[in-house]
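The structure appears below as structure tokens.
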There are 2 protein chains.
Amino acid sequence: MANNLEKLKQVLVKEGLRFTCQREEVWKEILSSNEHRDADEIYHSLRKKAVSVSRATVYRTIDVLVKNNMVRKLDVGIGPNKFEHKMGIKHHDHIICMKCGKIEEFVVNQIEKLQKKVAEEYGFKLGRHNLQLFGICKDCQ
Amino acid sequence: MANNLEKLKQVLVKEGLRFTCQREEVWKEILSSNEHRDADEIYHSLRKKAVSVSRATVYRTIDVLVKNNMVRKLDVGIGPNKFEHKMGIKHHDHIICMKCGKIEEFVVNQIEKLQKKVAEEYGFKLGRHNLQLFGICKDCQ
DNA sequence: AATTTCTTTGAGACTCATTATCAATAAGGG
DNA sequence: CCCTTATTGATAATGAGTCTCAAAGAAATT
């Protein structure tokens, strides 16, 4: 917790940005849940707690967090992007139900390795990747 | 070619839709190129050829084609979705340059297999998937 | 402490891709 | 050829996200 706040402070210094209470609140809000939430959900959750913050600031802060590897942006194929913090969480991909929108996480190390190989083959310096499986979950079948 | 037109006719019958010259032109336009193009590019290409069609119809037609597995929708992470026809083309994924937007295609059978295994594991009936690698290409590094 | 300089914020305007609306037009069966 | 129904196109609406800019806040300078 305190560690995570420190992390934010460090990143802000590194980026030449100021530590403000809005940025702190956004970060704490994202840390407070392991759900995949979109910017608007984060914004409303903060407003419900009477935190004074605007949508624009939520988006701006998330950008900083994503750029600095503290938050992952998830393009779930439909609707707004979702976000999840990466503190103490190891890398995973997602399998998404096309009916109910349920998102499950999975890890396949071998896929990661194959991806690196592909990138090398094509002379790309690999940044992030995006792997989603879309299907119909057990409950919806 | 003639085959592909037949294919369109069949699909339209199956969907209870009519065969119109707009739908035919959109389909031919998509078939005419192996590039990854967005709806607007397809629309403008048709207009340049003096084909009378609207943006709305382009989108609507593409929807039908995607639903019937004749066209693939590509979410390239930034900007509009891109489309590519699937006639005589085998499945591949994409590696995308985050600087210049260049898209290269690759095939890794093993990844496909691993994906199927994951879906099984989680009890999902696998539909499509989405695998993009984002990086910086050789030229942009 | 006051002033200056620079950053951040928030409200709302704006953008871009896509979807919805709906009157006018076109297909296709009878 | 007529009639019903689907389709089209122009345009409005939507949704997610970004931009703008004046006002407020921090930091540095005097």
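Throughout, protein chains are lettered first and strands after them, A, B, ... in sequence-line order, and every chain is numbered starting at 1. Side chains are part of it too, since the values below use all heavy atoms of this structure and drop only hydrogens, waters and symmetry mates.
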Closest to the [X] side chain, choosing from [options]:
X: B/Ala56; options: D/dT18, C/dT18, D/dA10; result: D/dA10
X: B/Thr20; options: D/dT7, C/dA17, C/dG10; result: D/dT7
X: B/Arg18; options: D/dA6, C/dG10, D/dG25; result: D/dA6
X: A/Pro80; options: C/dT18, D/dT18, D/dG17; result: D/dG17

Checklist entry - Which atoms form the tightest heavy-atom contact between B/Tyr122 and A/Ile95, and what is the distance? => result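 Taking B/Tyr122 first and A/Ile95 second, the nearest heavy atoms are CG-CG2, 4.4 Å.
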Item to check | For the student: nearest non-hydrogen atoms of B/His36 and B/Leu74, plus distance | outcome: CD2-CD1, 3.3 Å
Checklist entry - DNA chain D: B/Gly16 or B/Thr57, which has the more 5' nearest nucleotide? => result B/Gly16
Checklist entry - Does one side chain, of A/Arg55 or A/Tyr59, offer a donor that lies under 3.5 Å from an acceptor on the other? => result no
Next on the checklist: What contact category does A/Asn81 fall into here, base, sugar-phosphate, or nothing, at under 4.0 angstrom with non-hydrogen atoms?
Outcome noted: sugar-phosphate
Checklist entry - Which part of the nucleic acid, if any, lies within reach of A/Arg60 when heavy atoms closer than 4.0 Å are counted: base, sugar-phosphate only, or nothing? => result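 Base contact - A/Arg60 has a heavy atom under 4.0 Å of at least one base atom.
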Checklist entry - Between the main-chain N or O of B/Asp40 and the side-chain N or O of B/Asp38, is there a donor-acceptor pair closer than 3.5 Å? => result yes
Checklist outcome for this item: Between CD1 of A/Ile62 and P of C/dT9 the distance, given in whole Å, is 13 Å
Checklist entry - Within this structure, what is the CD1-to-C1' distance between B/Ile42 and C/dT18, rounded to whole angstrom? => result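 Between C1' of C/dT18 and CD1 of B/Ile42: 14 Å.
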Checklist entry - Quick one: do B/Leu126 and A/Val107 end up in the same hydrophobic cluster if we chain Ile, Leu, Val, Met, Phe, Trp and Tyr together by side-chain heavy atoms under 4.5 Å apart? => result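 In one cluster: no.
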Checklist entry - End-to-end bend of the helix from C/dA1-D/dT30 to C/dG30-D/dC1 (five-pair axes, 10° rounding)? => result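 Answer rounded to 10°: the end axes differ by 20°.
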Checklist entry - Counting only side-chain N and O atoms of B/Tyr59, is one of them less than 4.0 Å from OP1 or OP2 of C/dT18? => result yes
Item to check | Below 4.0 Å: OP1/OP2 of C/dT9 and any side-chain N or O of A/Arg23 | outcome: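 Result: yes.
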Checklist entry - Less than 4.0 Å between a side-chain N and a carboxylate O, is that true for A/Asp139 and A/Lys102? => result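 The answer is yes: the pair qualifies as a salt bridge.
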